Amino acid sequence: MSNAYVTDFRVPSTTESAALLNEDWLAVILGLFIFVLGLAALVHVDLIGWVVSTSVWTNLGQALGPASKGYAALGGIGALIATYVALTLVLTAGAAALKSDVKRFALAFTAVFWIAYASWIVGNYAHFAAVTPAEQQKFGISWSLKLTNEGAYIFALIAGLIIANFLPRFATVIKDAVRPELYIKVAIVILGGFFAVTAAGKLSLASSLILRGVAAIVEAYLIYWAVVYFIARKWFGFSREWAAPLASGISICGVSAAIATGGAIRSRPIVPVLVSSLVVVFAVTEVLILPFVAQTWLAHEPLVAGAWMGLAVKTDGAAVAAGGITESLILAKNAAEGVHYQPGWILGTAATIKVFIDIFIGIWAFVLGYIWTNHINVTPASNKAKAREIWQRFPKFIIGFVVTFIVGLYLALGTPAEIAKNVPAAIGEANTFRVIFFILTFFSIGVLSNFRALWRKGFGKLAAVYVTSLFGFVVWVGLLISWIFFHGITPPLAS
Amino acid sequence: MYDYQELIMSQYTESDLREELRTARVEPLLPIEKKLIAWSLSLGLTLLVVLAAINHFFPVTL
């Protein structure tokens, strides 16, 4: 195996290595910043109520509005502009901290925001999003695709796919702001607080779900990885250098796992980069298919569906976002049957499963690095895997998720009633930003998914391993394990 | 990160990569790889059985 001994793939370029912080820490800071601003509402200071929120519409003039009634004077367009300006300022400051080109980022983000949000608005059109007969009656329409309002994420994804595959030059122009990993990590940090408020109502159920997340770790690292590595090596004849990042990408958590593994086994940087491209393309395919499959066959097993998204869909962004779409579709189907589940549980289950899996990336990369540098490619002592790499590869945004979860739980359960009653609304405003970061994630994933370029590079064999493993094994074993550990558990009914 | 990806990609031509993937010689599984696969699967299946038993005897409480 011809390895260029790259010590850490995640130390990218000279500019970024001189940056003040990395994308993970930036996501923690941004997520906590928004979360804390939202909490100001607990002391009756509404700092982010101006954030734009979109409702299902037939009259475009009524689609948009600020999240808080206190900012009603802004109107929908005012709220949208305020949201754009605030996000541009904050994210451009983040780009500056990452030593990116600030001007290019701001311009690119402008395009990303407006196209992504426009797609979201289109997806909320009543003929696409209205679900129940009552909603159809309310909007005066006779038919609807029943995609729900969160199904509008698919519209952002499709907009991104169109740009990637039909306007590749434009995709290059906006690439500075096409950062799905950053956007989803910010969203996950905010989601911690939202999930805490949801969990506070049924703490015993939430703790039971979290305990069952352990099964996901076992499945991803010990079952999936071993089988996919075997398939890649034995059936498809891939070298160890290709097979290990490929197995991690398909089994664990897509992009970050492939990159961590590539660094750990000292592969050439090109290997995890190509695997990552493949992961994103297949994640898109999964997001477009699995939530609808779940709605069709798992509508009465909502938490099985949520856990399945966390286990089967690769990359954090796609998995958590697929959990969001699945929740929306399943809640809508149940609502049409007269059963109204509390929102947040399906998405929370998917996110918890994914976060549990992410926690062990550093440890698994260290195990592989130890085996590779000591037994397979015996390297000089200075380049052997070291325990400190576990921390270096630990996805730091998980710290943000845990912090917002604990703070949210404390505020909901440990504070006087007059404060606790305001917690859902305060975190709800921050959650509106979470939705916007989801939209940006979907759009960005689409822009990165250039199917034709991937095919041109001759990755048919890599894709064959992916298809065989994902659709022949990972998806179905994920469903089986989700069924074993989550069947029969339903979210609490909405009060 | 994506600038870096482009930098890495630019160092390899498409035909280089295609050729490498097409002509790569088969590396037989080493004993350490077989051991890694076998241990992972054995440990994983054992833990899943244990967790399933715990799940059965300590069901979710609502």
Side-chain angles (χ1 to χ4, degrees), chain A residues 1 10 12-13 15-16 23 100 175-176 178-179 181 202 204-205 207-209 211-212 214-215 218-219 221-227 229-230 233-234 237-240 242 259 268-270 273-274 276-277 367-368 371 375-376 448 456-462 481 484-486 488-490 492, chain B:
Chain A
M1 187 163 85
R10 289 183 68 92
S13 60
T15 52
E16 202 164 314
E23 207 171 75
S100 299
K175 70 180 170 54
D176 286 68
V178 176
R179 292 173 176 263
E181 294 285 314
K202 279 281 179 187
S204 57
L205 174 57
S207 52
S208 299
L209 295 184
L211 283 176
R212 277 151 183 78
V214 176
V218 173
E219 183 183 350
Y221 289 90
L222 298 176
I223 308 287
Y224 283 170
W225 196 93
V227 172
Y229 185 77
F230 179 82
R233 294 276 289 116
K234 196 77 178 172
F238 275 103
S239 67
R240 295 175 199 100
W242 282 95
I259 289 171
R268 290 166 299 156
I270 186 70
V273 165
L274 289 188
S276 300
S277 310
V367 169
L368 295 179
I371 292 171
H375 298 284
I376 292 177
L448 287 180
R456 269 207 311 272
K457 290 188 177 77
F459 299 147
K461 199 171 155 189
L462 280 173
I481 299 290
I484 290 172
F485 287 94
F486 291 90
I489 312 171
T490 50
Chain B
M1 180 174 138
Y2 299 106
D3 286 344
Y4 181 57
Q5 288 191 354
E6 276 174 23
L7 177 70
I8 296 299
M9 297 285 275
S10 68
Q11 293 170 356
Y12 298 83
T13 66
E14 289 182 10
S15 56
D16 283 345
L17 292 168
R18 259 202 301 265
E19 195 59 15
E20 177 185 324
L21 289 169
R22 198 177 61 79
T23 59
R25 67 183 172 82
V26 176
E27 295 173 349
L29 279 170
L30 296 173
I32 185 77
E33 291 176 276
K34 290 179 185 169
K35 208 186 267 188
L36 174 64
I37 293 169
W39 270 93
S40 291
L41 283 175
S42 312
L43 184 62
L45 290 172
T46 307
L47 285 172
L48 279 181
V49 170
V50 171
L51 288 169
I54 293 172
N55 185 51
H56 179 74
F57 291 113
F58 300 95
V60 170
T61 49
L62 294 172

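Naming: A, B, ... by sequence-line order, numbering from 1 per chain. Side-chain atoms are counted along with the backbone in the values below, which use heavy atoms only and exclude waters and symmetry mates. Predicted model only: the values in this text are computed from it and were never measured.
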Which region of A:Ile484, side chain (C-beta onward) or backbone (N, CA, C, O), has a non-hydrogen atom less than 4.5 Å from a non-hydrogen atom of chain B, or is it both or neither? both
Validation row: B:Leu48, A:Leu222 side chains within 4.5 angstrom (heavy atoms): no
Could you state the interatomic distance from CG (B:Leu30) to NE2 (A:His375), rounded to the nearest 0.5 Å? 11.5 Å
Heavy-atom nearest pair, A:Ala215 first then B:Leu51, reads CA-CD1, 3.7 Å
Distance in Å, A:Arg240 CZ paired with B:Ile32 CD1, rounded so as to fall on 0.5 Å steps: 11.0 Å
Most heavy-atom pairs under 4.5 angstrom with chain B, which of A:Phe485, A:Phe486, A:Trp225, A:Phe230? A:Phe485
Output all residues satisfying side chain to side chain donor-acceptor pair (under 3.5 Å) with A:Tyr221, sequence neighbours left out; order by chain, then residue number. none
For residues B:Glu33 and A:Ile376, report the shortest heavy-atom separation together with the two atoms involved. CG-CD1, 4.0 Å
Can you say whether B:Leu45 sits under 4.5 Å from chain A via the side chain, the backbone, both, or neither, judging by heavy atoms? both
